[in-house]
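First up is the structure itself, then whatever we jot down about it.
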Amino acid sequence: QVQLIESGGRLVQAGGSLRLSCAASGLTFSRASAGWFRQAPGKEREFVAAIRWSGGTTAYANSVKGRFTISKDNAKNTVYLQMNSLQPEDTAVYYCGARFGDYHDVASLYNYWGQGTQVTVSS
């Protein structure tokens with residue numbers, strides 16, 4: 001049984017930083033690609049960042065490029081999303097997804113999801 005557990009979300013002021021974590025059980029990130037997506041109220045889930053199972057390749061949405069960094073620690077079986085220079089428009093529930101094979105920027109192609117962690121950025 002695969003479980004993804006996100007953590008690290010909280011209220012932060014604009015310009016601040018957060019690091020989100022996604023810990024996996026029943027699946028190893030050395031063999032599965034991971035993606036971070038976010039969903040704001042009334043909006044569809046949107047791609048934020050992804051990392052290939054091999055760890056050598058990452059991808060970012062244009063809106064977060066240069067501010068967010070995705071990484072992983074295979075020994076801890078955890079994927080991270082370092083978020084800097086946060087803005088109010090980054091406010092959303094952030095979800096971690098995992099899939100076997102290459103990463104994608106399409107949420108429906110991910111097989112496993114966590115419960116989400118709330119990030120709120122105040123102006």
Side-chain angles (χ1 to χ4, degrees):
Q1 181 180 359
V2 175
Q3 278 192 318
L4 302 177
I5 301 176
E6 301 99 332
S7 62
R10 62 175 176 87
L11 173 65
V12 64
Q13 287 188 336
S17 298
L18 283 177
R19 188 178 79 159
L20 305 183
S21 299
C22 173
S25 60
L27 169 152
T28 59
F29 284 126
S30 60
R31 296 185 177 185
S33 297
W36 283 98
F37 291 75
R38 65 188 182 187
Q39 189 165 16
K43 295 188 176 181
E44 293 188 351
R45 191 170 297 191
E46 66 171 0
F47 171 72
V48 175
I51 186 166
R52 183 172 287 162
W53 61 271
S54 60
T57 304
T58 58
Y60 297 91
N62 288 334
S63 59
V64 307
K65 202 171 292 184
R67 300 188 298 125
F68 292 10
T69 302
I70 188 171
S71 62
K72 64 173 182 169
D73 184 334
N74 286 341
K76 295 182 178 180
N77 208 25
T78 299
V79 172
Y80 303 99
L81 184 68
Q82 177 67 43
M83 305 187 295
N84 299 328
S85 301
L86 283 161
Q87 299 302 316
E89 52 266 35
D90 296 316
T91 295
V93 177
Y94 283 71
Y95 296 91
C96 172
R99 69 183 306 276
F100 293 106
D102 209 350
Y103 63 76
H104 282 280
D105 60 2
V106 177
S108 62
L109 295 178
Y110 286 76
N111 305 108
Y112 308 101
W113 291 96
Q115 81 290 347
T117 185
Q118 176 71 48
V119 172
T120 304
V121 184
S122 63
S123 57

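In this structure, Arg45 fails the cation-pi test against Phe37, since its NZ or CZ atom is not both closer than 6.0 Å to the six-membered ring centre and inside 45 degrees of the ring normal. A cation-pi arrangement, defined by a distance under 6.0 Å to the six-membered ring centre and an angle within 45 degrees of its axis, is absent between Arg99 and Trp53.
Note: Ser30 OG to Asp73 CG = 11.5 Å, rounded to the nearest 0.5 Å. We find the OG-CD distance between Ser63 and Glu46 to be 5.5 Å, quoted to the nearest 0.5 Å. Between the CG atom in Leu27 and the CG atom in Asn77 there is a gap of 7.0 Å [rounded to 0.5 Å]. If you take CZ on Arg38 and CD on Glu44, they are separated by 14.0 Å, rounding to the nearest 0.5 Å. Phe68 contributes atom CZ, which lies 9.0 Å from atom OG of Ser85 (distance to the nearest 0.5 angstrom). The OH atom of Tyr94 sits 10.5 Å away from atom OG1 of Thr117, with the distance rounded to the nearest 0.5 Å.
Judged by distance alone, with hydrogens and angles left aside, the side-chain atoms of Gln13 form no donor-acceptor pair with the main-chain N or O of Val121 at under 3.5 Å. Counting only distance, with no hydrogens or angles, the side chain of Glu6 and the backbone of Cys96 share a donor-acceptor pair below 3.5 Å.
Between Thr120 and Gln118, the side chains place a donor N or O and an acceptor N or O closer than 3.5 Å (distance only, hydrogens not considered). Between Tyr80 and Arg19, the side chains place no donor N or O within less than 3.5 Å of an acceptor N or O (distance only, hydrogens not considered).
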Where do Arg52 and Thr58 land on the side-chain contact (heavy atoms from CB on, under 4.5 Å) test, with the steps shown first?
-> CA-CA 6 Å; Arg52 183 172 287 162; Thr58 58; over 6 Å; no
Between Asn84 and Ser17, is a side chain to side chain donor-acceptor pair (under 3.5 Å) present by the stated rule, with each step listed?
-> CA-CA 4 Å; Asn84 299 328; Ser17 298; 2.9 Å; yes
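Ile70 and Val64 fall within the same hydrophobic cluster, defined by Ile, Leu, Val, Met, Phe, Trp and Tyr side-chain heavy atoms under 4.5 Å apart, directly or through other members. The same ILVMFWY cluster, assembled from side-chain heavy atoms under 4.5 Å apart, contains both Ile51 and Tyr60. Val48 and Val12 end up in the same hydrophobic cluster when Ile, Leu, Val, Met, Phe, Trp and Tyr side chains are linked at under 4.5 Å. Connection of Val79 to Leu20 is established within a shared hydrophobic cluster, with ILVMFWY side chains joined at heavy-atom distances below 4.5 Å, either directly or through further cluster members.
Summarising the geometry of Thr78 relative to Ser21, their closest heavy-atom pair is CG2-CB, 4.1 Å, with the distance given to 0.1 Å. Across all their heavy atoms, Leu11 and Ser122 have their closest contact at CD1-CB, 4.2 Å. The two atoms that bring Ser33 and Tyr103 nearest to each other are OG-N, 3.4 Å, heavy atoms only. In terms of heavy-atom proximity, Cys22 sits nearest to Trp36 at CB-CZ2, 3.6 Å. Residues Ala50 and Tyr110 come closest through the heavy atom pair CB-OH, 3.8 Å. For Ala14 against Pro88, the heavy-atom pair with the smallest separation is CB-CD, 4.2 Å.
Residues Val119 and Met83 form a side-chain contact, since some pair of their non-hydrogen atoms from C-beta on lies under 4.5 Å apart.
Phe100 and Tyr112 have perpendicular rings, their planes meeting at more than 60° on a 0 to 90° scale where under 30° would count as parallel.
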